[in-house]
Peer 1: 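Take a look at the following structure, please.
Just so we're clear, the structure is a prediction, and the values are computed from it rather than from any experiment. One-based numbering, in listed order, for ligands and for the atoms of each.
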Amino acid sequence: YDTVPRDEDTFNLRREQISLSDTLGSGNFGAVMKGNYKRPDGGIIPVAVKTLKQGPESAVQSSEILKEAKVMAGLKHRHIVRMIGVCKGSDMMLVLELAPLGPLNRYLKDHPSMPVQSILEIMYQVAKGMEYLESVNFIHRDLAARNVLLMDEKFAKISDFGMSKALGMDNEYYKAEAAGKWPLKWYAPECIYYFKFDSKSDVWSYGVTLWEALSYGAKPYKGKKGAEILRMIEDGDRMDKPQQCAPGVYNIMQKCWIYQKEERPTFKEIVTLMYKYRQ
Ligand SMILES: CS(=O)(=O)c1ccc(Nc2nc(N[C@H]3CCCC[C@@H]3N)nc3cc[nH]c(=O)c23)cc1
């Protein structure tokens, strides 16, 4: 189990503990940089740092980063990216575990000869990570191949918890007030129509992520607009089986895309279904 020391000031890392190097990617509120973190015990570990884009709304964004940090602080699982801590100051930084090979969709586009078996192992691990989230009543709300990160070709972790929510013990779903900048192609019908999110809507996103993975990073619903996709889903049509995808695995995708969320499998059931296909 990979442990990161939970030194008491997780939410107050000192700026001098962090050195930044090149940019890894850009999120919806800023950049993700590669860097090094100097631990209190003197050890140096490579990290990914989510920084805030400077700007008028950076006050809002720092609360976004703090929200994401509070969610991640409570999550401890092998297949979920670990949070090292937060560095407050002129620019807020969220310091995260580095996944050196980066986002799955980009990696598969660059490595078309990656064995299907390795992809299935990765997607099995993603199902395990999501099973954990389901068990602690968290919803991700942005599960997609771009947010599955690779430690190496056979070790994946789920990242980007900026949109995730902890479901209280009483309410069994999260109700958004209004639609935001949403990844509609990964969203289940009940999210789009009623703004209702629970683990079964994450299951729908898992199906799209599985399709992306077995399509080696291809974009889902290529060239289709939102309205056209909704009509397709309403008519009972779904994306085709990716060429490299075994019929049994396509069957799992189709189960994730059942219109009535009660009929979709839980992640616990998906783990069992995926277990047969991993190497
Ligand atoms: C192969 S590469 O050199 O292009 C490369 C790209 C990204 C990464 N790493 C990460 N990227 C990202 N990218 C975000 C950027 C915004 C779009 C969604 C991505 N998940 N978020 C995180 C978060 C925690 N830890 C990470 O390592 C990390 C590593 C290598």
Side-chain angles (χ1 to χ4, degrees), residues 2-4 10 13 18-37 39 44-53 61 64-87 91-114 118-119 122-123 125-126 129-130 133 138 140-164 180-187 202 205-206 208-209 212-213 216-220:
D2 45 351
T3 55
V4 165
T10 303
L13 302 185
I18 302 159
S19 64
L20 298 177
S21 52
D22 35 47
T23 301
L24 292 172
S26 61
N28 37 19
F29 51 67
V32 179
M33 311 284 286
K34 190 173 181 315
N36 285 314
Y37 167 68
R39 284 212 304 235
I44 305 261
I45 52 171
V47 291
V49 180
K50 275 196 171 182
T51 61
L52 262 183
K53 202 168 41 216
Q61 286 161 345
E64 291 296 308
I65 281 208
L66 266 182
K67 261 193 314 187
E68 183 171 356
K70 288 201 174 74
V71 163
M72 295 191 79
L75 301 176
K76 293 176 188 57
H77 190 270
R78 184 166 169 67
H79 296 302
I80 290 186
V81 162
R82 300 300 299 279
M83 180 185 85
I84 311 282
V86 176
C87 175
D91 45 348
M92 179 82 78
M93 294 185 195
L94 178 55
V95 182
L96 302 164
E97 172 181 27
L98 178 70
L101 271 49
L104 177 62
N105 63 326
R106 186 184 307 172
Y107 191 84
L108 288 174
K109 266 184 275 196
D110 297 346
H111 299 81
S113 55
M114 173 119 146
S118 303
I119 297 176
I122 284 163
M123 289 311 297
Q125 295 174 10
V126 173
M130 292 306 297
L133 278 187
F138 268 83
H140 190 284
R141 298 184 66 234
D142 197 9
L143 180 59
R146 64 180 174 276
N147 294 333
V148 173
L149 302 179
L150 295 179
M151 303 302 280
D152 65 40
E153 273 220 357
K154 293 190 176 172
F155 186 11
K157 296 190 179 222
I158 299 160
S159 75
D160 291 79
F161 285 81
M163 293 177 67
S164 64
K181 251 172 69 182
W182 282 356
L184 294 174
K185 293 184 174 179
W186 283 263
Y187 274 6
D202 276 347
S205 306
Y206 178 85
V208 181
T209 307
E212 291 181 272
Y216 285 82
K219 290 186 185 322

Peer 1: Could you tell me which atoms of ligand 1, counted from 1 in the order shown, lie closer than 4.0 angstrom to a heavy atom of L98?
Peer 2: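 Close to L98: 27 (O).
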Peer 1: For ligand 1, which atoms, with element, lie under 4.0 Å from some heavy atom of R146?
Peer 2: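 Near R146, meaning under 4.0 Å from one of its heavy atoms, ligand 1 has 18 (C), 19 (C), 20 (N).
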Peer 1: Can you check whether V126 reaches L143 side chain to side chain, under 4.5 Å on heavy atoms?
Peer 2: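 The answer is yes, as the side chains (C-beta and beyond) meet within the 4.5 Å cut-off.
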Peer 1: I want to check something: taking the side chain as every heavy atom from C-beta on, are N36 and P46 in contact at a cut-off of under 4.5 Å?
Peer 2: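 Yes - at least one pair of side-chain heavy atoms lies under 4.5 Å apart.
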Peer 1: Salt-bridged, D142 to K181, with N to O below 4.0 Å?
Peer 2: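 Here D142 does not pair with K181 in a salt bridge, since their nearest N and O are not under 4.0 Å apart.
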Peer 1: Quick one: which ligand 1 atoms are inside 4.0 Å of a heavy atom on P100?
Peer 2: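 With P100 as reference, the close atoms of ligand 1 come out as 29 (C), 30 (C).
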Peer 1: Check each atom of ligand 1 against the heavy atoms of E97 and keep those under 4.0 Å away; list them by number with element.
Peer 2: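 With E97 as reference, the close atoms of ligand 1 come out as 24 (C), 25 (N), 26 (C), 27 (O).
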Peer 1: Any non-hydrogen atom of R106 lying under 4.0 Å from ligand 1?
Peer 2: yes
Peer 1: Going by the atom numbers of ligand 1, which of them fall below 4.0 Å from some non-hydrogen atom of N147?
Peer 2: 18 (C), 19 (C), 20 (N)
Peer 1: Test of understanding: with side chain to side chain contact (heavy atoms under 4.5 Å, CB included), list the residues that count as partners of A99, not counting sequence neighbours.
Peer 2: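 A99: side chain to side chain contact (heavy atoms under 4.5 Å, CB included) contacts with L149, M151.
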Peer 1: Mind checking whether L24 contacts ligand 1 via backbone (N, CA, C, O), side chain (CB onward), both or neither, at a 4.0 Å heavy-atom cut-off?
Peer 2: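 Both the backbone and the side chain of L24 come within reach of ligand 1.
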Peer 1: Atoms of ligand 1 less than 4.0 Å from P103 heavy atoms?
Peer 2: 6 (C), 7 (C)
Peer 1: For ligand 1, which atoms have a heavy atom of S159 less than 4.0 angstrom away?
Peer 2: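 Within the 4.0 Å cut-off of S159, ligand 1 contributes 20 (N).
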Peer 1: Looking at side-chain heavy atoms only, is the closest gap between V71 and E68 below 4.5 Å?
Peer 2: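 V71 does not reach E68 side chain to side chain.
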Peer 1: Quick one: which ligand 1 atoms are inside 4.0 Å of a heavy atom on L101?
Peer 2: 1 (C)
Peer 1: Can you confirm whether or not the ring centre of H79 sits under 6.0 Å from the ring centre of F155?
Peer 2: yes
Peer 1: Does some side-chain heavy atom of Y107 sit less than 4.5 Å from a side-chain heavy atom of M114?
Peer 2: yes
